[in-house]
Number of protein chains: 2
Amino acid sequence: MLKLLKPAPATPRAAGGTGRGSHSVRGEAAPTRTRPARVPAVAPLAAPAAGIALLQSNSLPALVQRELERMILAGDLPPGAKLNEATLADLLGVSRGPVREAFRALEESGLVRLEKNRGVYVRQIAVEEADNIYELRAVLDAFVGRRVAASADPDAVRELRSHVARMEKAATRNDVDGYLKANLEFHDRLVELAGNAKLLTTYRRLVNELRLFRRTTLAQNGVLPTSTREHRQIVDRIAAADGEGAARALHEHVMASRERMHKASAAPVRDTTTRKSR
Amino acid sequence: MLKLLKPAPATPRAAGGTGRGSHSVRGEAAPTRTRPARVPAVAPLAAPAAGIALLQSNSLPALVQRELERMILAGDLPPGAKLNEATLADLLGVSRGPVREAFRALEESGLVRLEKNRGVYVRQIAVEEADNIYELRAVLDAFVGRRVAASADPDAVRELRSHVARMEKAATRNDVDGYLKANLEFHDRLVELAGNAKLLTTYRRLVNELRLFRRTTLAQNGVLPTSTREHRQIVDRIAAADGEGAARALHEHVMASRERMHKASAAPVRDTTTRKSR
DNA sequence: CTTTTGCAGATTGTTGACAATCTACACCCG
DNA sequence: CGGGTGTAGATTGTCAACAATCTGCAAAAG
């Protein structure tokens, strides 16, 4: 007779909404025993509770993993860079154990490569692999388009349009970084709207790996306007609840990006200067 | 800024151990470049070289990870089971460090769930999540069908037919385990034939997670013959180089499996063993 | 009799130390 | 002068000990 009168926190242990690595599968019919919620009689205050939950779910290795992932995706640790255990541990103020555990996780997520007795390196994506990823993305995005167009939520459409507007604004300024960010968010939100959590994590994994590829694609002349136009078309098809059209538009958009990548990688890279992101 | 960046080697040495048809998700479709053997001009003997390469690329954490993955997928460690660090370390003859590293990797690959200060548990897949995975698989497999049918290699078709034959044989004997194994190998090979390494790792990851779902699906009456028929149709469409037909057949096959799962999970499980209910 | 509270054992988190391996460079020999 | 060789330093792999946290039980309080 457990008295669960206590308003147990809505999410038992949930931390970090769609964040990576948090595989907290909600609603697992626990055959073992659900946690007895040790909270005392007093109703927990919201703010400290959040902090507590943060502390509870975030171990040192998880923190290190997140930080390293951020550094890699931000370009602070460029592809091919060697990650030194001791140095990183010192930098992050922990010992080597947690760093090593983070390395294992990052390898499985495809961001680094481990070589026994040699070290850990940020992965370098070959053109062929990037090509494979683009192909996969095209397939997944086509499915996404079909699904999202079927849902056809006016609010969602409005939100997507705002993302496209941000892209347009960045494009007129030739702000490649801003464009890239808006672009990523647009597609991420789109996949999220498809309502398949596993699809979302799969998609994010692929996009993360793709970000390791050298990003000279968008720097070409005339690419930004073209890409923007494609995005507008995608939203239009969704707004019209045209599933097949949205699927086709998304598929072609990704395949066009793939082509642009090939063009860019065939031609010599123009800006060889270290483009520090901001 | 960060001085832990050493001048990265232009061409990083590829990690060894490619391919190796196991269902392991890891593995980077790297060019088959082996480590520059330190032995001088003499041609290395095959047998010792293999052993050396094995030792070189397999660290203790990797070994532990593989073994745990095997145990989980084989059902020795059923979903929901708690994995005790010290016990497993003792069992495998290593210390807790490598075991912890393996845990991190297994979490990222979706096979276990980590709870800080609580322990590590084999993941349990909820019906909704299995549903999501089936949907994804259907999309991927449709793509696979289109691609493989386009390649249309007689040898490949023969090989696929042999897998189907093994399924048929197992079906007539009502050998569910044998059927499951042949089924897995058929689909794995099929995806491999699509020639997209990233697709293959993605697919394997999904299938691995799906195997954590309770596998009562195939035990139903009449499922095995139906499933076998679907497989034969798939190969037929591929042999006929009918891309769209193969895509449709595969998509429908996966969606039918999904339906069968729903049927099985809705109806009470008719298990031979006594199930404790309370 | 029920609920709370406080140990005691067990388990996980983290760390620092030691062993194994690799890399680089100076050295020796032809 | 070129090429192999050996050693020193750095880096990674592994381990065992210590600290923090959780779980379960038992005793005390109401």
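Just so you know, these numbers use all the heavy atoms, side chains as well, and skip hydrogens, waters and symmetry mates. Since the structure is predicted, the reported quantities are computational estimates derived from the model, not experimental observations. Letters A, B, ... are given to chains in the order of the sequence lines, protein chains preceding strands, and every chain is numbered from 1.
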S.K.: Salt-bridge test for A:Arg70 and A:Glu67: reply yes if a basic N is under 4.0 Å from a carboxylate O, no otherwise.
M.R.: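 The answer is yes: the pair qualifies as a salt bridge.
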
S.K.: Classify B:Leu114 by what it touches in the nucleic acid, base, sugar-phosphate, or nothing, heavy-atom distance under 4.0 Å.
M.R.: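 No contact.
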
S.K.: Looking at the side chain of B:Glu85, which of D:dT12, C:dG13, D:dC15 is the nearest nucleotide?
M.R.: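 So the nucleotide nearest the side chain must be C:dG13.
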
S.K.: Select one nucleotide: of D:dT11, C:dG13, D:dC15, the one nearest the side-chain heavy atoms of B:Lys116.
M.R.: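 Comparing D:dT11, C:dG13, D:dC15 against the side chain of B:Lys116, the answer is C:dG13.
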
S.K.: B:Tyr121 has an atom OH; how far is it from atom P of D:dC22, in whole Å?
M.R.: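 In whole Å, D:dC22 P lies 12 Å from B:Tyr121 OH.
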
S.K.: Counting only side-chain N and O atoms of B:Asn84, is one of them less than 4.0 Å from OP1 or OP2 of C:dT12?
M.R.: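 Affirmative; the distance criterion is met.
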
S.K.: Can B:Gln65 and B:Glu101 be said to form a side-chain hydrogen bond (donor to acceptor under 3.5 Å, both in side chains), step by step?
M.R.: CA-CA 8 Å; B:Gln65 180 185 354; B:Glu101 293 185 30; over 6 Å; no

S.K.: Closer than 4.0 angstrom, basic N to acidic O: yes or no for B:Arg123 and B:Glu107?
M.R.: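 Salt bridge between B:Arg123 and B:Glu107, a charged N being under 4.0 Å from a carboxylate O: no.
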
S.K.: Rounding to a whole Å, what distance do you find between A:Arg118:CZ and D:dT11:C1'?
M.R.: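 Result: 11 Å.
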
S.K.: Contact class for B:Gly97 vs. all strands (heavy atom < 4.0 Å): base, sugar-phosphate, or nothing?
M.R.: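 Since no nucleic acid heavy atom lies under 4.0 Å of B:Gly97, the category is nothing.
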
S.K.: Write down the distance between CZ (A:Arg96) and P (C:dA17), rounded to a whole number of angstrom.
M.R.: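 For the pair A:Arg96 CZ and C:dA17 P, the rounded distance is 12 Å.
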
S.K.: How long is the line joining CG of A:Leu92 and C1' of C:dT14, in whole Å?
M.R.: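 Rounded to whole Å, this separation is 15 Å.
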
S.K.: So which one's nearest nucleotide on DNA chain D is more toward 5', B:Pro98 or A:Val120?
M.R.: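 With A:Val120 and B:Pro98 compared, the 5'-side residue is A:Val120.
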
S.K.: Which whole-number value in Å describes the distance from A:Lys82 NZ to C:dT23 C1'?
M.R.: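 That distance rounds to 10 Å.
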
S.K.: Is a donor on one side and an acceptor on the other found under 3.5 Å between the side chain of B:Asn132 and the backbone of A:Asn196?
M.R.: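 Between the backbone of A:Asn196 and the side chain of B:Asn132 there is no qualifying donor-acceptor contact (under 3.5 Å).
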
S.K.: What is the separation between atom CG on A:Asp90 and atom P on C:dT15, rounded to the nearest whole Å?
M.R.: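 The answer, rounded to whole Å, is 12 Å.
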
S.K.: Compare side-chain N and O positions of B:Arg100 against OP1 and OP2 of C:dG13 and report whether any pair is under 4.0 Å apart.
M.R.: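 Yes, because at least one side-chain N or O of B:Arg100 sits under 4.0 Å from OP1 or OP2 of C:dG13.
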
S.K.: Any salt bridge linking B:Arg100 with B:Glu85? Criterion: basic side-chain nitrogen under 4.0 Å from a carboxylate oxygen.
M.R.: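 A salt bridge links B:Arg100 with B:Glu85.
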
S.K.: Whole Å only: how far is the CG atom of B:Leu88 from the P atom of C:dA10?
M.R.: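 Roughly 18 Å, once rounded to whole Å.
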
S.K.: Rounded to the nearest Å, what distance is computed from the CG atom of residue B:Asn117 to the P atom of nucleotide D:dA20?
M.R.: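 In whole Å, D:dA20 P lies 12 Å from B:Asn117 CG.
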
